[in-house]
Number of protein chains: 2
Amino acid sequence: MSDHAAKELLYDALAQAAKALSNGRRAELVDVLAQGERPVEELATEIGQTVANTSQHLQRLLRSGLVKTRREGTSVYYSLSGPVVHELWRAMRQSAEEHVAGLQQIVDDYVGDRSQLRTITRDTLQARLRDGNVVVLDVRPGPEYAAGHIRGAISIPVSDLTSRLGEIPEDAEVVAYCRGPYCVYADDAVRIMTGNGLEAARLEDGFPEWAAAHLPTEGRSP
Amino acid sequence: MSDHAAKELLYDALAQAAKALSNGRRAELVDVLAQGERPVEELATEIGQTVANTSQHLQRLLRSGLVKTRREGTSVYYSLSGPVVHELWRAMRQSAEEHVAGLQQIVDDYVGDRSQLRTITRDTLQARLRDGNVVVLDVRPGPEYAAGHIRGAISIPVSDLTSRLGEIPEDAEVVAYCRGPYCVYADDAVRIMTGNGLEAARLEDGFPEWAAAHLPTEGRSP
DNA sequence: TGTCTATTCAAGAAAACCATTGAATAGCAC
DNA sequence: GTGCTATTCAATGGTTTTCTTGAATAGACA
């Protein structure tokens, strides 16, 4: 094989990893899978696509090595194949946010106005946890909480929050979190809680960043 | 705009950054640009494509924000638009190397057998530099050395090395470096030098990694 | 001004991609 | 074994990518 052909092959292979992420629906899948493993059907409803289409996207991710599968009964659970994939996804988001023209506008359009929401950083939350007087609230869908969550967090999916407000201790401050910078569940949750007289803030980033920083977690998550 | 449509828009926008890297020729361009800015024509010969095609690829990278341009005389110099792009490219390589099936084989096919070459790490080279008894040799093409190089390095492009061996001091050990893990210039250089009785080793990674680690550099590089 | 050069633009054909549809498969429950 | 369910496969049509070719443009320099 000529040197030139070998070089093309090499860079084509490297580009495979990017090709896998080069579709909006697959990017969405990776973002959801960053929360933990999920079966195909759930992923399909999550990204609003047919099961067949979702399956094909998942297999493309599988072929490119970004995800792996595990069979349990009749279900196939997909998950990211390792920490470097988390890292890749983070780098992609950061690069896009910094350099893709107009992205910030699109983010703002999607997440809405966050200026009225109190936001605290990972570091601040850690400090509060040491002090003790804080309730950490996971507002993601149940399966994602089950797959892994911040240690000590309680789970109330945002869809159930209004009817389950009573479960939240009243004497402590609440910190809600969800998937990450593009997830609005925690935003909604904070609005609901402050609207009901509770002291609430949202964690700046989500569970994957918490886990990536090797902070304490619980659940199935590796 | 519906929430669903806004979400699709957001992830489509994120996928843009990946689309930019999802082509082997563009990946190759980014890898070359990681060495420093270059005009279109040089990039075209570097990746073995026509100027028109290269220009189109560069403009795709430009539209996605990964690169920026600077005009000087009749030439347009392209360069990566910031540190997060370096970071993204590194994450892509790492993810592909770890998870793309068969990539390691392709790398081996391209770079050949490195087991006979003495390799030293960045840390080791730093230590040697403090001791003083080492010559750092940049074997990349001239323009890349000019765009930025390890501080104190001398430049002898590998294509000229055989005829310019006399310029290398004989009493010191030589450490050759080039672009990075997929670059074979330093490999070739070490083979040439050891074949001529010189003490030579190759630096494990290349100039971009050195610069990214904020180790001392010289040249135009930002 | 006109010429030269580096770069960009435009059009077209082959290939790859993507959502949709309907059928096929694999494992569980009975 | 038969049904049932979650997932995958295969075929199709519309869109996007990618390389090629040839022409157009913008600035340098005389």
Side-chain angles (χ1 to χ4, degrees), chain A residues 4-5 7-9 11-30 32-33 37-64 66-79 143, chain B residues 4-5 7-9 11-30 32-33 37-64 66-79 143:
Chain A
H4 186 238
K7 195 208 246 184
E8 290 212 341
L9 256 184
Y11 283 95
D12 285 348
L14 288 171
Q16 286 308 311
K19 267 207 178 101
L21 288 172
S22 73
N23 171 277
R25 251 27 68 216
R26 285 198 294 273
E28 222 173 321
L29 284 172
V30 169
V32 175
L33 288 175
E37 61 168 19
R38 301 289 288 278
V40 179
E41 197 166 24
E42 281 182 26
L43 290 167
T45 63
E46 196 71 63
I47 68 170
Q49 299 286 316
T50 66
V51 172
N53 194 20
T54 305
S55 173
Q56 303 199 113
H57 278 308
L58 286 168
Q59 274 166 83
R60 201 125 165 17
L61 288 171
L62 190 62
R63 253 177 289 134
S64 74
L66 264 60
V67 307
K68 59 187 196 302
T69 62
R70 174 178 80 80
R71 176 149 218 146
E72 185 176 312
T74 64
S75 295
V76 176
Y77 285 81
Y78 280 82
S79 57
Chain B
H4 186 237
K7 195 209 243 186
E8 290 212 342
L9 257 183
Y11 283 96
D12 285 349
L14 287 171
Q16 284 309 310
K19 268 207 177 99
L21 285 172
S22 73
N23 170 279
R25 249 31 64 218
R26 285 197 293 273
E28 222 173 320
L29 283 172
V30 169
V32 175
L33 288 175
E37 60 167 21
R38 302 288 289 277
V40 179
E41 196 166 25
E42 281 183 26
L43 291 167
T45 62
E46 196 72 61
I47 69 170
Q49 299 286 317
T50 64
V51 172
N53 194 20
T54 304
S55 172
Q56 302 196 114
H57 278 307
L58 286 168
Q59 273 164 85
R60 198 120 164 27
L61 289 172
L62 190 61
R63 253 177 290 136
S64 74
L66 266 60
V67 306
K68 58 189 199 303
T69 61
R70 174 178 79 80
R71 177 146 217 146
E72 183 176 312
T74 65
S75 295
V76 175
Y77 284 81
Y78 280 82
S79 57

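Throughout, a chain's letter reflects where its sequence line sits, starting with A, and its residues are numbered from 1.
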Would you classify [X] as touching base, sugar-phosphate or nothing, given that sugar-phosphate means primed atoms plus P, OP1 and OP2, and contacts are heavy atoms under 4.0 Å?
X	answer
A:Gln59	sugar-phosphate
A:Val51	base
A:Tyr77	nothing
A:Ser55	base

Between [N] ([atom2]) and [X] ([atom1]): distance, integer Å:
X	N	atom1	atom2	value
B:Gln16	D:dT16	CD	C1'	12 Å
B:Ile47	D:dT18	CD1	P	12 Å
B:Leu61	D:dT17	CG	P	13 Å
A:Arg38	D:dT7	CZ	C1'	17 Å
B:Asp12	C:dC18	CG	C1'	12 Å
A:Leu43	D:dT7	CG	P	9 Å
A:Glu42	D:dT5	CD	C1'	15 Å
A:Gln56	C:dT21	CD	P	13 Å

| said: Check this one for me: any side-chain N or O of A:His57 less than 4.0 Å away from OP1 or OP2 of C:dC17? | reply: no
| query | A:Asn23 side chain N/O closer than 4.0 Å to the phosphate oxygens (OP1, OP2) of C:dC17? | reply | no
| said: Measuring only between side-chain heavy atoms, which start at C-beta, is B:Arg38 closer than 4.5 Å to B:Tyr78? | reply: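 No, too far: nothing below the 4.5 Å cut-off.
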Looking only at the side chain of [X] (C-beta and beyond, no hydrogens), which of the listed nucleotides [options] gets closest?
X	options	result
A:Tyr78	D:dT20, D:dT8, C:dA6	D:dT8
B:Arg26	D:dT18, C:dA6, C:dA26	D:dT18
A:Arg60	C:dC17, C:dT7, C:dG27	C:dC17
A:Ala52	C:dG22, D:dT7, C:dA19	C:dG22
B:Asn53	D:dT7, D:dT8, D:dT20	D:dT20
A:Lys19	C:dC17, D:dT20, D:dC9	C:dC17

| said: Any N or O donor-acceptor pair under 3.5 Å from the base of C:dT5 to the side chain of B:Glu41? | reply: no
Shortest non-hydrogen separation from [X] to [Y] and the atoms involved:
X	Y	answer
A:Pro39	A:Tyr77	CD-CE2, 3.6 Å
B:Glu46	A:Lys7	O-NZ, 3.3 Å
A:Ser64	A:Ala20	OG-CB, 3.2 Å

| field | Given DNA chain C, 5'-ward residue of the pair A:Gly73 and A:Gln49, judged by closest heavy atom | value |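 Result of the comparison: A:Gln49.
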| Passing option when B:His57 is tested against B:Leu43, B:Leu62, B:Asn23 for side chain to side chain contact (heavy atoms under 4.5 Å, CB included) | B:Asn23
| query | Does a donor on one side chain sit under 3.5 Å from an acceptor on the other, for B:Thr45 and B:Glu41? | reply |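 Judged by distance alone, the side chains do not pair up.
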